[in-house]
Novice: 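I am attaching a structure below and will ask some questions about it afterwards.
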Amino acid sequence: MAKGITKRSENYSQWYNDIVIKAGLAENSAVRGCMVIKPYGYAIWEKMQAALDTMFKETGHENAYFPLFIPKSFFAKEAKHVEGFAKECAVVTHYRLRTTADGKGIEVDPDAKLEEELIVRPTSETIIWNTYKGWIQSHRDLPILINQWANVVRWEMRTRLFLRTAEFLWQEGHTAHATEQEAIAETKQMINVYANFAENWMAVPVIKGSKSESERFAGAIDTQAIEALMQDGKALQAGTSHFLGQNFAKAFDVKFADKDGNLSHVWATSWGVSTRLMGALVMAHSDDNGLVLPPKLAPYQVVIVPIYNNMEQLDQMTEKANEIMAILRKNNISVKYDGRDAFRPGHKFAEYELKGVPIRIAIGPRDLEQGNIEIARRDTLEKKVYPQTEMLEVIKNLLDEIQINIYQKALKFRNENTFKTDSYEEFKKILDTTGGFILAHWDGTTETEEKIKEETKATIRCIPFDSPLEEGKCMVTGKPSIRRVLFARSY
RNA sequence: CGGGGUGUAGCGUAGCUUGGUUAGCGCGCCUGCUUUGGGAGCAGGAGGUCGUAGGUUCGAAUCCUACCACCCCGACCA
C-alpha cells in the first residue's frame, strides 16, 4: 500500500530503514557512520528528553555538563574501562591546520601536535570522576546526583540509523554515594525509571534484569538493563543502569570522611539511554504503512486534513479547522493543520500514516453541512464519522486508547514470542524459526555463554529480576542451574 | 582488515559487452489550466564536471591504470 516502503515480511531491516528515511526521522550524513536527525525525528527525541528529564528531576537529580574531550591518561586509570572502549575511540592528536605547499588544500600542521592526545568521550565516567574528586571530601558532600545530556562517539565498524551510530545523543547519569546499599538502590531506582518510561511513554514492554559478566559495562560490578523484543524476534537493549562499586572512586582516588572521621572510597552508579530508543520505538509498533507513534511521544497527536472543491470551500474548512485546533490546544492536545493546496487529500492521508500521527481528522463540505467530522486512528486504521459536538471527548478517549492499545499489542507479541525450553536443539530451532526471547537454564559460566553465542548468535540478554528460583540443568552442559536466564539474538 | 559489489540530474535508473548524432526514462521540482472524500490529469519547462585523476584513440559514460567514496557479507559492537 504505502509507496516505497519495503514490507516487513520481505526484508525487515530494509523496512526499518525505509521508515526512518521516508517518515523523515533521520538520514545518513556525509560523515561515515554519523546521521542527521531531521526535524520530525528530533521532535520525538525532544519529547523523550522532556519526559525523562522530568523523571530524573523528580528522583532528585540535577543536570550538568562535562567536556567532550577526555585526556588519554584518564582512560588508563580504570583498567577494565579502557579495555572495553579502547577499540572504538576517536582521538584528537592536533589542534591546527595549515595550507598545503601547493596552496590548493589544507593539511594537519605537524607542529601543532598535542602534548597529550584527547579522546572524544565514548562515555564520561573518567572525566566526571576526575571532577568529583574535587567535590567530595565529607559525607556531607554526598550523594551527588547528576545527569548530563550529551553526544558521545563510539567508532563502530558497522552502523545503522539510530540503532548504532558513530556519534549519538544520550543522557548519562553519574551518581556518588556514601554507602554500597545506597548506590545499589540508586541503580535499581534508575532501571525502574527507564522501564516506566519505556512502557508508559514509548508503549514498549521491557524485561528488567542483570547482565551476565561478559555483557557487563566495562568497569561495572553489576549492569542492569531493560530488554525489548522487536517485531523480527530480535532483542534490543533499551537502557542500562550500572552499579560501579568503588572501582572509579579507587581509580580516581575519591574518598570521603564519614561521621567518625574514617576515610573510605565513594560508591558509584551510572545509567543511560540514547537515541537508540528511537530505533526501538520505530521497530516496536510500526507497520507496512509506516510509523506508528504512541500519542505521548508524537510531535503532533492530531492532524487535520481539509477536503474541498474550490478555494471558497478551503477557506470554510480552514475556519472550521481553526475552531477545532483552538479547542484541542486548550485541552493540551497538539494538532497540526495541513492546508496545502498542492496535494490532494489521499496523498495527505498516506503521508500522515507514514509519519505515524495517532489521529487524523478530515473535514469536507459534506461534514460541514451535516455537522459531522471524520476521525481516523493510525494504530488500527479505522475511521468513523462523529457529530462535531463529540469531537473533543472522542479524541481524548482515542489518544488514551491508542497509547494502551499499542502497548497491549506489543505485549501480546512479546508474550507469544517468549519461549521456555530445556533442550539446546529446540533452542536452536526457535532461533531459526520464530526468534524471540528464550528462557533457559545456563550453568553460569562465561565459557558456556560464549559457546552458545558462537553456535547460535544468541546471547544472554539478562538474568530477569522476576525469574523465579527453579532447579534445573544447563541446556548445554547439564550442570546445575538455579534459575532461567533470558536469551535472544539481539541488535 | 579479508571477500564481493556499485558510483550517470535531488532520488531511482537505462546506455558500457561491441567507443561514434543532442546521454534516455521514471519519481520529484517549476509554470499554467482542470482537479481535490485514499498517493490527480494534461500541456509546457528547468536541472548532468557520467565518482576523481591520468592514459589509449580522430573520438571515451563506454576501453586501460591508479585513487576516492559508498553498499553488502565477515571480523568488531556498555
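Letters A, B, ... are given to chains in the order of the sequence lines, protein chains preceding strands, and every chain is numbered from 1. Just so you know, these numbers come straight off a predicted model, no measurement behind them.
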Novice: Just call it for A:N28: base, sugar-phosphate, or nothing, with non-hydrogen atoms closer than 4.0 Å on any strand.
Specialist: nothing
Novice: Return the nucleotide paired to B:U57: Watson-Crick means purine N1 to pyrimidine N3 with N6-O4 or O6-N4, wobble means G-U with N1-O2 and O6-N3, both under 3.5 Å.
Specialist: none
Novice: Regarding A:K453, tell me which of base, sugar-phosphate or nothing describes its non-hydrogen contacts under 4.0 Å with the strands shown.
Specialist: nothing
Novice: NA contact type, A:Q313, heavy-atom cut-off 4.0 Å: base, sugar-phosphate, or nothing?
Specialist: nothing
Novice: Map A:T223 and A:M311 onto RNA chain B by nearest heavy atom, then report which one ends up closer to the 5' terminus.
Specialist: A:M311
Novice: Mind checking the P distance from B:G24 to B:C71? Whole angstroms is fine.
Specialist: 31 Å
Novice: For atom C1', what is the distance between B:A61 and B:U6, given to the nearest Å?
Specialist: 15 Å
Novice: Regarding A:R366, tell me which of base, sugar-phosphate or nothing describes its non-hydrogen contacts under 4.0 Å with the strands shown.
Specialist: base
Novice: Just checking, is any N or O donor in the side chain of A:S270 or A:H174 under 3.5 Å from an acceptor N or O on the other one?
Specialist: no
Novice: Does B:A69 have a Watson-Crick or wobble mate here (both distances under 3.5 Å), and if so which one?
Specialist: B:U6
Novice: When both hydrogen-bonding distances must be under 3.5 Å and the geometry is Watson-Crick or G-U wobble, what is B:U35 paired with, if anything?
Specialist: none
Novice: Please check if any side-chain donor atom of A:Y16 sits under 3.5 Å from a side-chain acceptor atom of A:D232, or the reverse.
Specialist: no
Novice: P atom, B:G4 versus B:U49: distance in rounded Å?
Specialist: 32 Å
Novice: Which label fits A:F56 and A:H61: parallel for a plane angle under 30°, tilted from 30 to 60°, or perpendicular past 60°?
Specialist: perpendicular
Novice: Expressed as a whole number of angstroms, how long is the span from A:E369:CD to B:G37:P?
Specialist: 17 Å
Novice: So what does A:F243 hit on the nucleic acid, given a heavy-atom distance under 4.0 Å: a base, only sugar-phosphate, or nothing?
Specialist: nothing
Novice: Reading RNA chain B from 5' onward, which residue's closest nucleotide shows up sooner: A:Y491 or A:L381?
Specialist: A:L381
Novice: Return the value, rounded to whole Å, for the distance between atom CZ of A:R344 and atom P of B:A40.
Specialist: 5 Å
Novice: With both distances kept under 3.5 Å, what pairs with B:G28, Watson-Crick or G-U wobble?
Specialist: none
Novice: Using the P atom as the reference point in each nucleotide, state the distance between B:A9 and B:A53 in Å, no decimals.
Specialist: 16 Å
Novice: Which part of the nucleic acid does A:G364 contact within heavy-atom distance under 4.0 Å: base, sugar-phosphate only, or nothing?
Specialist: base
Novice: Quick one: A:W155 CH2 to B:C76 P, roughly how many Å, whole number?
Specialist: 20 Å
Novice: How long is the line joining CZ of A:R461 and C1' of B:C77, in whole Å?
Specialist: 11 Å
Novice: In whole Å, what separates the P atom of B:G28 from that of B:G39?
Specialist: 14 Å
Novice: At 4.0 Å (heavy atoms only), tell me whether A:P306 reaches a base, stays on the sugar-phosphate, or touches nothing.
Specialist: nothing
Novice: If we ignore angles and hydrogens, is there a donor and acceptor under 3.5 Å between the side chains of A:Q246 and A:H265?
Specialist: no
Novice: Would you measure the distance from the P atom in B:U21 across to the matching atom in B:G59 and give it in whole Å?
Specialist: 15 Å
Novice: With sugar-phosphate meaning primed atoms plus P, OP1 and OP2, does A:E88 contact a base, only sugar-phosphate, or nothing at under 4.0 Å between heavy atoms?
Specialist: sugar-phosphate
Novice: In whole Å, what separates the P atom of B:A14 from that of B:U31?
Specialist: 32 Å
Novice: Rounded to the Å, how far apart are A:F349 CZ and B:G38 P?
Specialist: 7 Å
Novice: Within the 4.0 Å heavy-atom criterion, would you say A:K383 contacts the bases, only the backbone, or no part of the nucleic acid?
Specialist: base
Novice: When you measure only distances, ignoring hydrogens and angles, does the side chain of A:R360 come within 3.5 Å of the base of B:G38 through a donor and an acceptor?
Specialist: yes
Novice: Evaluate the side-chain proximity of A:P143 to A:T175: yes if any heavy-atom separation is below 4.5 Å, no if none is.
Specialist: no
Novice: Using the C1' atom on both, measure B:G44 against B:C70 and round to a whole Å.
Specialist: 38 Å
Novice: Looking only at side-chain N and O atoms, does A:R378 offer a donor or acceptor that is under 3.5 Å from a partner on A:N289?
Specialist: no
Novice: Please report the shortest heavy-atom distance between A:Y65 and A:A150, naming the atom on each side.
Specialist: CE1-CB, 4.2 Å
Novice: Can you tell me the Watson-Crick or wobble partner of B:C1, both distances under 3.5 angstrom?
Specialist: B:G74
